[in-house]
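Heads up: the structure comes next, in structure tokens.
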There are 2 protein chains.
Amino acid sequence: MKTSPQKVFQQYLEAQGLKLTKQRTSILEYLLRAQNHSTPERIYRDLSAQDATLGRATVFRTLHLLERAGFVGKILFADGSHGYEHKFARPHHDHMVCVDCKQVIEFTNPTIEKLQDQISREFQFTPLWHTHEIFGRCRKCSQKAVV
Amino acid sequence: MKTSPQKVFQQYLEAQGLKLTKQRTSILEYLLRAQNHSTPERIYRDLSAQDATLGRATVFRTLHLLERAGFVGKILFADGSHGYEHKFARPHHDHMVCVDCKQVIEFTNPTIEKLQDQISREFQFTPLWHTHEIFGRCRKCSQKAVV
DNA sequence: ATTGATATTGATACTCAATCTCAATATGAA
DNA sequence: TTCATATTGAGATTGAGTATCAATATCAAT
């Protein structure tokens, strides 16, 4: 039983009564092969270089669709803007973002996750998702920043 | 020795060679008395009702100034927009945001804070600030949401 | 109190991401 | 192949936030 992201996406669309289009596929595949975090504008620029008829609105619509479905997540940048990353076969993780070189380091901490659940329970709050980002300087930029 | 927020702000401005203006004062005081989290637009609307000459740009400029100075912090909302809260005489805290009623619940957890520092140290990352927000449904909205 | 260097302000124009509209098109079940 | 309808793209529009710059306010020095 082979469950590629494409397959999973297709099944999701079907279950929702939505249609699989080449635009949706191409945006999904862009995200799957992207190494760094992709902004909507960047995705639009890169993909419309291939297919000049691709519309900006479709990129935003598809990103929202993928986000609602839980297939992609947002990442915040230090300047307040944001990008997306796919979540196929990737365990949950949070981010450390370097304010100088913009590098994003991923981290996971099961204890923090547990504590979050515990806190939520205390408040009878039903957690749906969270963002946890530490902004600062990565090792290299910390060294450079010494005045 | 009395150190009101106003005094602290004044001293900060002086130290930076900046000037204390009535606009800056009035925006600071708005934030101090605000119960809920204030958006730039809301601040602008409310304050310009009093002083019709107040400019939108000044609100943004002052918020940035206050943020740089560490006197106010951002809070993210579930829709991606954000507001501000002052940090005078308030210990650090993080947020749980209800996606339905938009209520913001504050929480603090020293263990999480410690773990964050520990993780940063592991990566030789110098943390400057962080955002940690849990989105979900508050007690009341969880009950309502049962289908 | 007056002066004067300069930080600040507000009106306005502008930018740019994101959304809306809607006619044309693509999808997929029958 | 047909057809109901989900989707798309072009372009207009919105709206938050920024840049510009002449007019003004601040405050330290007189």
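Reminder, nothing fancy here: chain letters follow the sequence lines and each chain counts from 1.
In terms of heavy atoms, A/R24 sits closest to A/K19 at NH1-O, 2.7 Å. Summarising the geometry of A/C98 relative to A/C138, their closest heavy-atom pair is SG-N, 3.5 Å, with the distance given to 0.1 Å. Residues A/S142 and B/Q124 share a closest heavy-atom pair of OG-O, 4.2 Å.
Residue pairs meeting the salt bridge (Lys or Arg N to Asp or Glu O under 4.0 Å) criterion with at least one member in residues 113-126 of chain B: none, sequence neighbours excluded. Among residue pairs with one or both ends in residues 93-124 of chain A, those qualifying as ring-ring contact (aromatic ring centres under 6.0 Å, His included) are A/H37-A/H95, A/H93-A/H95, A/F107-A/H132; sequence neighbours excluded. Listed by first then second residue, pairs satisfying salt bridge (Lys or Arg N to Asp or Glu O under 4.0 Å) with a partner in residues 35-48 of chain A read A/E41-A/R56, A/R42-A/D46, not counting sequence neighbours. Evaluation of the side-chain hydrogen bond (donor to acceptor under 3.5 Å, both in side chains) test over residues 66-81 of chain A, restricted to residues two or more places apart or in two chains, returns A/D79-A/S81.
Across the protein-nucleic acid pair, B/L65 atom CG and C/dT9 atom C1' stand 14 Å apart, rounded to whole Å. Look at CG on B/L47: it is 15 Å from C1' on C/dG10, rounded to the nearest Å. Residue B/F60 contributes atom CZ, which lies 14 Å from atom C1' of C/dT15 at whole-angstrom precision. The distance from atom CD of B/E14 to atom P of C/dT8 is 13 Å, rounded to the nearest whole Å. Rounding to whole angstrom units, CD1 of residue B/I27 and C1' of C/dG10 are separated by 12 Å. Between B/L63 atom CG and D/dT18 atom C1' the separation is 14 Å, expressed in whole Å. Atom P of nucleotide C/dT9 and atom CG of B/D51 are separated by 12 Å, given to the nearest angstrom. The nearest whole Å value for the distance from the CZ atom in A/R45 to the P atom in C/dA18 is 14 Å.
Other residues sharing a hydrophobic cluster with A/L20 under the 4.5 Å side-chain heavy-atom criterion for ILVMFWY residues are A/V8, A/F9, A/Y12, A/L13, A/L18, A/I27, A/L28, A/Y30, A/L31, A/L32, A/I43, A/Y44, A/L47, A/L54, A/V59, A/L63, A/L65, A/L66, A/F71, A/V72, A/Y84, A/F88.
Applying the side chain to side chain contact (heavy atoms under 4.5 Å, CB included) test to A/E29 and every residue at least two apart in sequence or in another chain returns A/Q6, A/T25, A/R33. The salt bridge (charged side-chain N to carboxylate O under 4.0 Å, His left out) test applied to A/E106 returns A/R90, not counting sequence neighbours. In terms of the side-chain hydrogen bond (donor to acceptor under 3.5 Å, both in side chains) criterion, A/H86 has no residue partners (sequence neighbours excluded).
A continuous path of hydrophobic side-chain contacts links A/W129 to A/L76 [ILVMFWY only; heavy atoms under 4.5 Å].
Within the 4.5 Å cutoff, side-chain heavy atoms of A/V99 are placed close to those of B/L128. Side-chain contact between B/I75 and B/T131: absent, with no pair of heavy atoms (C-beta onward) separated by less than 4.5 Å.
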Every protein N/O lying under 3.5 Å from an N/O of nucleotides 24-27 of chain D:
residue : atom : partner : partner atom : Å
D/dT26  : O2   : B/K19   : NZ           : 2.6
D/dC27  : OP1  : B/L20   : N            : 3.1

Could you write out each protein N or O paired with an N or O of nucleotides 10-12 of chain D at a distance under 3.5 Å?
none

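Axis angle between the ends of the helix from C/dA1-D/dT30 to C/dA30-D/dT1, five pairs each and rounded to 10 degrees, works out to 40°.
Within residues 74-85 of chain B, no residue has any heavy atom closer than 4.0 Å to DNA chain C.
Toward the 5′ end of DNA chain C lies the nearest nucleotide of B/G17, the other residue of the pair A/E41 and B/G17 mapping further downstream.
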